[in-house]
Asks: 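Before anything else, here's the structure in question.
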Amino acid sequence: MKPKILVTREVFNDVLEYLSQYFDVTSNQPDLPMDAETLAANLADKQGAMITLSDKIDATLLSRCPNLKAICNIAVGYNNVDIEACRKAGVMATNTPGVLDDTTGDFTWALVLATARRLTEAEAYLRAGQWDRWKLKQFLGLDVHHATLGIFGLGRIGQVVARRAIGFEMKVIYHDVRRAVSEIEEASRARFVSKEELLSQADIVTIHVPYSPATHHLIGKQEMERMKPTAILINASRGGVVDDVALIEALLSGTIAGAGLDVFENEPKLNPGFLALKNVVLAPHIASSSKATRHKMAMLAAENLVAALTTGHPPNLLNPV
Ligand code: DGY
């Protein structure tokens with residue numbers, strides 16, 4: 001008898017076909033939302049699951065799934081999974097590192113350019129039929145070329161973003177919990193600075209850190225007050241790294257000039273204050289969403305699940321014992 005697994009959300013058909021070679025698959029191609037109770041009920045008799053960042057895996061859920069051996073997240077970020085609780089329950093947890101760095105880096109630049117040059121605001125104006133003539137001072141934006149880019153987190157995605165900045169002839173500074181090795185600094189052409197220096201020097205601040213208790217509200221009121229009033233803030237990492245209430249206030253009061261956001265606290269129910277602001281570019285957590293990359297993410301999660309349940313050694317294990 002094949003092991004039973006659950007795929008909690010819609011995935012590509014060939015990924016399901018691959019999984020079906022090894023497992024008795026319960027899928028969710030209609031993409032019906034699963035609350036905690038439905039997820040627990042569906043997982044109760046399963047040995048493995050392929051989940052997304054909207055599925056919360058914690059000790060309460062695990063206590064209801066005695067057969068569970070592996071949880072494979074279709075995301076590199078895994079703040080939705082309590083890794084310690086998985087370890088205690090003997091459940092392997094995996095993520096999808098590496099396959100989405102370039103695509104997420106590209107999208108960060110989409111946010112940088114759209115925010116700096118006020119693209120969505122200008123498009124809304126045009127679509128509303130308000131464009132009546134060329135004006136010298138219309139939608140004056142921030143130059144990206146030769147500006148100073150400040151990167152929080154010079155991990156894989158932060159490095160991609162830094163390398164893309166070379167084309168814009170920018171000065172790149174970064175801050176991280178640890179300074180990167182010289183090879184990475186050289187390839188990124190990035191200079192390590194303190195958090196305070198980054199905030200006060202950068203024209204564009206972009207965040208590429210994982211969410212954890214240590215990075216909760218890494219950028220709050222005080223940090224925004226250190227930024228230049230002409231600066232913009234970009235976040236394509238995780239909601240919660242930025243204090244959204246403080247950001248809305250900073251955007252309203254002119255403490256900073258703009259923001260480009262792909263992630264939010266309590267997403268998808270983002271703070272409605274954002275919707276009323278013109279100086280923010282908003283996206284529904286799509287930084288990794290190219291056809292090729294979302295397919296690679298789903299297939300890598302599937303490969304992790306197959307390896308976990310057949311060999312016990314998935315390539316992207318987060319909680320080795
Ligand atoms: C990730 O992989 O963590 C991304 O946020 C998913 O889009």
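Atom set for the values below is all heavy atoms of this structure, side chains included, hydrogens, waters and symmetry mates excluded. Note that ligands are numbered from 1 as they come in the structure, with each ligand's atoms numbered from 1 the same way.
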Asks: Taking the inter-plane angle between the rings of Phe168 and Trp109 on a 0 to 90° scale, is it parallel (under 30°), tilted (30 to 60°) or perpendicular (over 60°)?
Replies: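 Plane angle under 30°, so parallel.
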
Asks: If you count the atoms of ligand 1 from 1 in the order shown, which ones are under 4.0 Å from a heavy atom of Ala75?
Replies: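 Answer, ordered by atom number: 1 (C), 2 (O), 3 (O).
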
Asks: Asp55 pairs by side chain to side chain donor-acceptor pair (under 3.5 Å) with which of Thr8, Asn80, Asn73?
Replies: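 Among Thr8, Asn80, Asn73, the one that satisfies the side chain to side chain donor-acceptor pair (under 3.5 Å) with Asp55 is Thr8.
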
Asks: Before giving the answer on side chain to side chain contact (heavy atoms under 4.5 Å, CB included), spell out for Leu119 and Glu123 the whole-Å C-alpha distance, their side-chain angles and the decisive distance to 0.1 Å.
Replies: CA-CA 6 Å; Leu119 185 59; Glu123 188 188 4; 5.5 Å; no

Asks: Looking at Asp35, I want to see if its CG is surrounded by more than 12 non-hydrogen atoms of other residues, nucleotides or ligands under 6.0 Å.
Replies: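 Above 12, so yes.
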
Asks: Could you tell me, atom by atom, which parts of ligand 1 come under 4.0 Å of a heavy atom of Arg294?
Replies: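 Here the atoms of ligand 1 in question are 7 (O).
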
Asks: What part of Leu53, side chain, backbone, both or neither, has a heavy atom within less than 4.0 angstrom of ligand 1?
Replies: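 For Leu53, the contact with ligand 1 is made by the side chain alone.
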
Asks: Without hydrogens or angle criteria, can the side chains of His295 and Asp14 be said to hold a donor-acceptor pair below 3.5 Å?
Replies: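 There is such a pair between these side chains.
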
Asks: So for ligand 1, is His285 a polar contact partner (N or O within less than 3.5 Å, distance only)?
Replies: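 Yes, His285 has an N/O under 3.5 Å of an N/O on ligand 1.
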
Asks: I need the contact type for Asn95 against ligand 1. Using non-hydrogen atoms and a strict under-4.0 Å cut-off, is it side chain, backbone, both or neither?
Replies: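 None of Asn95 does.
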
Asks: For ligand 1, which atoms sit closer than 4.0 Å to a heavy atom of Leu100?
Replies: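 Per the distance check, 2 (O).
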
Asks: Going by the atom numbers of ligand 1, which of them fall below 4.0 Å from some non-hydrogen atom of Val76?
Replies: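 The atoms of ligand 1 under 4.0 Å from a heavy atom of Val76 are 1 (C), 2 (O), 3 (O).
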
Asks: Side chain to side chain contact (heavy atoms under 4.5 Å, CB included) for Val144 and Leu142? Distances and angles first, verdict last.
Replies: CA-CA 6 Å; Val144 171; Leu142 170 75; 5.8 Å; no

Asks: Only heavy atoms of Gly77, strictly under 4.0 Å: list the atoms of ligand 1 that pass.
Replies: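 Answer, ordered by atom number: 1 (C), 2 (O), 3 (O).
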
Asks: Got a donor-acceptor contact below 3.5 angstrom from the Tyr211 side chain to the Arg238 backbone?
Replies: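 No: the side chain of Tyr211 does not pair with the backbone of Arg238.
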
Asks: When you measure from atom 7 (O) of ligand 1 to every protein heavy atom, which one gives the shortest distance, and what is it?
Replies: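 Going atom by atom, the protein heavy atom closest to atom 7 (O) of ligand 1 ends up being Ser288 OG, 2.9 Å.
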
Asks: May I ask you to check if ligand 1 and Thr96 share an N or O to N or O distance below 3.5 Å?
Replies: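 Looking only at distances, the answer is no, because the N/O contact criterion of under 3.5 Å is not met.
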
